[in-house]
Amino acid sequence: MSTRALEITDLTYQYPNGTLALDKLSLAVEANERVAIIGANGAGKSTLLLHLTGVLRASSSSAFKVFGTELSKKTLREIRQRVGMVFQNPDDQLFCPSVHEDVAFGPRNLKLPESEVLKKVEESLAAVGLPDHGSRSAFQLSLGQKKRAAIATVLAMDCQMLALDEPTSALDPRGRREIMELLEQLGGTQLIITHDFALAQRLCSRAIILHNGRKVADGDPANLLNDEALLDAHDLL
Amino acid sequence: MKDTLFDQQASPDNFIHSLDPRTKILTLFPLIFVSTSTPPQFLLSFGLYSLYLIVLTALARIPIKLLIKRFLMALPFILMVSAYLPFVEQQDLSNPYSGGWWLFWNMVIKAFIGIYAMSVLTATTRFAKLIQGFARLRAPQLLLMLLSFTYRYMFVLVEEAQRMKRARDARAYGGRWLWQAKVIGQMIGTLFLRSYERGERVYLAMCSRGYDGTQSLWQNSSEALGRRDYAFALSSISVFILARWGVVI
């Protein structure tokens, strides 16, 4: 049996103010699968992502495995290297004075030799279509370019899985199309949190709908996202 | 805000621009120290320091407008600490170069040289390169991180403040009167909270790329300085030494 990229069993999380953000959520993502996580605001998508970064800890009754490794304080570092997190706002992800430094940040943290770091930076920037933008500062880039640069910062770390938080939000049609083409071309395991139904249908082989912290549907995006009754019942229409 | 205060002039094809940042740091900072240690009556020395900087300005083709902007920005601070001196300080009879006006001159000329030198440094070096130069010179990492984050988020913050101001003005709030201080206070508070939250998100982004506080953010392996760098640094430092100690008044 091949190892699953992500396996979550009975994940429950209650915020200190009493809001139940995740309610016995179980889901699995196979390796090399591209899965869309869809849900209205407050459905628990971001809370799920915070678990993936290790900021929030799963309780003992649940299981949270990334490529077969249980997420814990000890394995956090390893898992962070395996999962490339692309945050919603690229201004949070690009924090260095130049794009080059930003992309080099991850590989340097992995203590790669400088020649290797340079190679990774060049490769990653080329992969996202920004080969000549290394010396630019992030605020000299357009939003679409910033989002692609943010993806480059995790590509440079050779992640086994990409987790993207609304990669196409607030983009113009061209920027949106470029991101979609990029994700399609990159392949590998991708977990995409999105409100963009067209993206989910075009790129993803599976869609998971969350509502009030529970998984309410899991299947072919084309079927789920055209099911008006289903969407309406979960505040998506 | 596409062009920034720091990056608009940095072009790589110019001699001064293409020098290693370390060379520029190690030449222009000593100039400040030498100038600060020069007694105020050494007028010729100050003239030579200024001349040196003017030559650099010409070589690097730094626009005068940019320099004037920098001086104007610093002017209020210089005046704040020096403007009252001529009226307050009494002359010490045993020293002909004491008294209010000499003190005033002393402060103004040294501030001028200092700001001029730093303007030349920042106008000819991209900010990222500058920070890298400091890192290679083993400047404290924490300080460099603070500087680099400030530089990165300064503009993000300014834009955020502008958006808030626009949103406020769109709801018919005009003027800056005292009784509107409450609204302004709230805006500053909101801005603070947003920045605080952004700080957390940035930290999260750093952690998720393997940061644990121990690593160096910058490349540590240093390339050797070129011959041009040595030539520039040595000739500059000789000029400073001659101007400071070689001039007889």
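Sequence lines set the chain letters: A, B, ... in the order given, protein chains first and strands last, and positions in each chain run from 1. Everything numeric in this text was worked out from a predicted model, so none of it was measured.
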Any carboxylate oxygen within less than 4.0 angstrom of a Lys/Arg side-chain nitrogen, looking at R163(B) and E160(B)?
yes
Name the member of I131(B), L204(B), V156(B) that forms the most heavy-atom pairs with chain A at distances under 4.5 Å.
L204(B)
Heavy-atom proximity to chain B below 4.5 Å, by part of I79(A)
neither
Which atoms of Q93(A) come close to chain B, meaning under 4.5 Å heavy atom to heavy atom: side chain ones, backbone ones, both, or neither?
both
May I ask you to decide if D91(A)'s main-chain N or O and K146(A)'s side chain share a donor-acceptor pair within less than 3.5 Å?
no
Specify the closest pair of heavy atoms between L26(B) and I237(B), including all atoms of both residues, with the distance to one decimal.
O-CD1, 3.9 Å
Which portion of F95(A) sits near chain B, non-hydrogen atoms under 4.5 angstrom
both
For chain B, which of V117(A), L94(A), V154(A) has the most heavy-atom pairs under 4.5 Å?
L94(A)
Between Y49(B) and Y116(B), does the ring centre distance come in under 6.0 Å?
no
So for Y203(B), is it side chain, backbone, both, or neither that comes closer than 4.5 Å to the heavy atoms of chain A?
neither
Applying a strict 4.5 Å limit to non-hydrogen atoms, the region of M145(B) in contact with chain A is neither
Drop me the distance from L11(A)'s CG to F64(A)'s CZ, to the nearest 0.5 angstrom.
6.5 Å
For T19(A) and N17(A), what are the C-alpha separation, side-chain angles and deciding distance, and is it a side-chain hydrogen bond (donor to acceptor under 3.5 Å, both in side chains)?
CA-CA 6 Å; T19(A) 316; N17(A) 67 6; 2.7 Å; yes
Among the options T153(A), V83(A), L76(A), V86(A), pick out the one with the most heavy-atom pairs lying under 4.5 Å from chain B.
T153(A)
